[in-house]
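To start, the structure under review is shown below, and the notes come after it.
Just so you know, these numbers come straight off a predicted model, no measurement behind them.
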Amino acid sequence: MLAISLVLLLVQVVVLNRICLFGMAVPFAFIYIILRLPLTMSKEWLFTIAFTIGLTVDVFSDTGGINTIGCLSIAALRRPILHLYFPREDELTDPFPSIHSLGMLTYFKYTLSITAIFCIIVFLLEDLSFFRIWHLVECILTSTILTTALLIGIDSLTLPRHEKRL
């Protein structure tokens with residue numbers, strides 16, 4: 001997981017931060033790291049990792065703490081959102097939320113919710129006004145859709161530890 005995290009952070013900082021499709025949609029692939037952290041992880045470690053990830057992206061993107069606030073917010077809301085769609089955590093076969101452990105529909109709803117919260121926080125803090133409310137809504141919606149599709153694609157490429165490719 002550490003190698004995937006470093007690659008995602010590097011790709012986010014070097015490539016994805018420079019992409020803005022149609023002047024609105026920005027992909028945030030690095031939040032996949034927070035989505036995939038184990039549910040058994042202590043809150044202290046969870047917030048430390050989320051803070052470090054957000055701060056790393058902020059430092060290299062010159063965004064002044066916006067990604068850090070977004071990362072800390074989704075780290076705090078990750079478990080309650082998962083409980084909305086998967087109420088019994090003890091039924092999970094794997095403590096790492098993924099398509100394989102939650103199922104496609106539950107993982108999609110979980111990813112969409114987390115991504116929407118992150119995008120709302122980031123774009124509201126970035127804009128700090130409601131003068132261009134329709135542009136703000138378009139940015140939030142398109143970035144949420146693009147990021148959710150990207151995160152589901154990334155997760156579908158990963159295999160559980162017990163499965164092997166031929």
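Residues Val13 and Val57 share a closest heavy-atom pair of CG2-CA, 4.4 Å. What you find for Ala29 and Leu151 is that their closest heavy atoms are O-CD2, 3.6 Å. In terms of heavy-atom proximity, Ile140 sits nearest to Cys119 at CG1-O, 4.0 Å. Residues Leu16 and Pro27 share a closest heavy-atom pair of CD2-CG, 3.8 Å. Between Cys139 and Gly23 the shortest heavy-atom distance is SG-O, 4.4 Å. Here the closest non-hydrogen pair linking Tyr85 and Ser113 is OH-OG, 2.7 Å.
Within the model, atoms CD1 of Ile121 and CD of Glu126 stand 13.5 Å from one another, a figure rounded to the nearest 0.5 Å. In this structure, OG on Ser156 lies 7.5 Å from NE2 on His100, to the nearest 0.5 angstrom. Distance check: Phe118 CZ to Ser73 OG gives 9.0 Å after rounding to the nearest 0.5 Å. From Thr63, atom OG1 reaches atom CG of Leu55 across 9.5 Å, with rounding to the nearest 0.5 Å. How far CZ of Arg36 is from OG1 of Thr111: 10.0 Å, rounded to the nearest 0.5 Å. Note that CZ of Phe123 and CD of Glu138 are 11.5 Å apart. Values are rounded to the nearest 0.5 Å.
The one candidate from Ile53, Val59, Thr52 that meets the side-chain contact (heavy atoms from CB on, under 4.5 Å) condition with Thr56 is Thr52. Each of Thr115, Leu35, Ile31, Ile81 was evaluated against Ile74; a single residue qualifies, Ile31, per the side-chain contact (heavy atoms from CB on, under 4.5 Å) test.
Cluster annotation: Ile114 and Leu39 are assigned to the same hydrophobic cluster (Ile/Leu/Val/Met/Phe/Trp/Tyr, side-chain heavy-atom contacts under 4.5 Å, transitive). One hydrophobic cluster holds both Leu102 and Leu77 under the rule that ILVMFWY side chains link at heavy-atom gaps under 4.5 Å. Neither Ile33 nor Leu72 shares a network with the other; the hydrophobic side chains, linked directly or stepwise wherever heavy atoms of I, L, V, M, F, W or Y lie under 4.5 Å apart, form separate groups for each. Placement of Phe47 and Ile66 in two distinct hydrophobic clusters is found when ILVMFWY residues are connected by side-chain heavy-atom separations under 4.5 Å, directly or transitively. Both Ile19 and Val26 belong to a common hydrophobic cluster when Ile, Leu, Val, Met, Phe, Trp and Tyr are linked at side-chain heavy-atom distances under 4.5 angstrom.
For the pair Leu8/Ile154, a side-chain contact is recorded, criterion being any heavy-atom separation below 4.5 Å from C-beta on. Side chains of Met24 and Leu141 form no contact here, defined as non-hydrogen atoms less than 4.5 Å apart. Within the 4.5 Å cutoff, side-chain heavy atoms of Ile49 are placed close to those of Met41. Put simply, the side chain of Thr142 does not reach to within 4.5 Å of the side chain of Phe22, judged on heavy atoms. Side-chain contact check for Thr158 versus Phe96: every heavy-atom pair is 4.5 Å or farther apart. Between Tyr110 and Leu84 there is no side-chain heavy-atom pair separated by less than 4.5 Å. Between Ser5 and Tyr32 there is no side-chain heavy-atom pair separated by less than 4.5 Å.
The backbone N or O of Gly103 sits nowhere less than 3.5 Å from a side-chain atom of Thr106 that would complete a donor-acceptor pair. When atom types are taken as modelled, the side chain of Asp58 and the backbone of Asn67 share a donor-acceptor pair closer than 3.5 angstrom. Checking side-chain atoms of Arg78 against main-chain N and O of Leu37 turns up a donor-acceptor pair under 3.5 Å.
Using bins of under 30°, 30° to 60° and over 60° for the plane-to-plane angle, the ring pair Phe30/Phe28 lands in the perpendicular bin.
Applying the 6.0 Å contact sphere to CZ of Phe60 captures no more than 12 heavy atoms from other residues, nucleotides or ligands.
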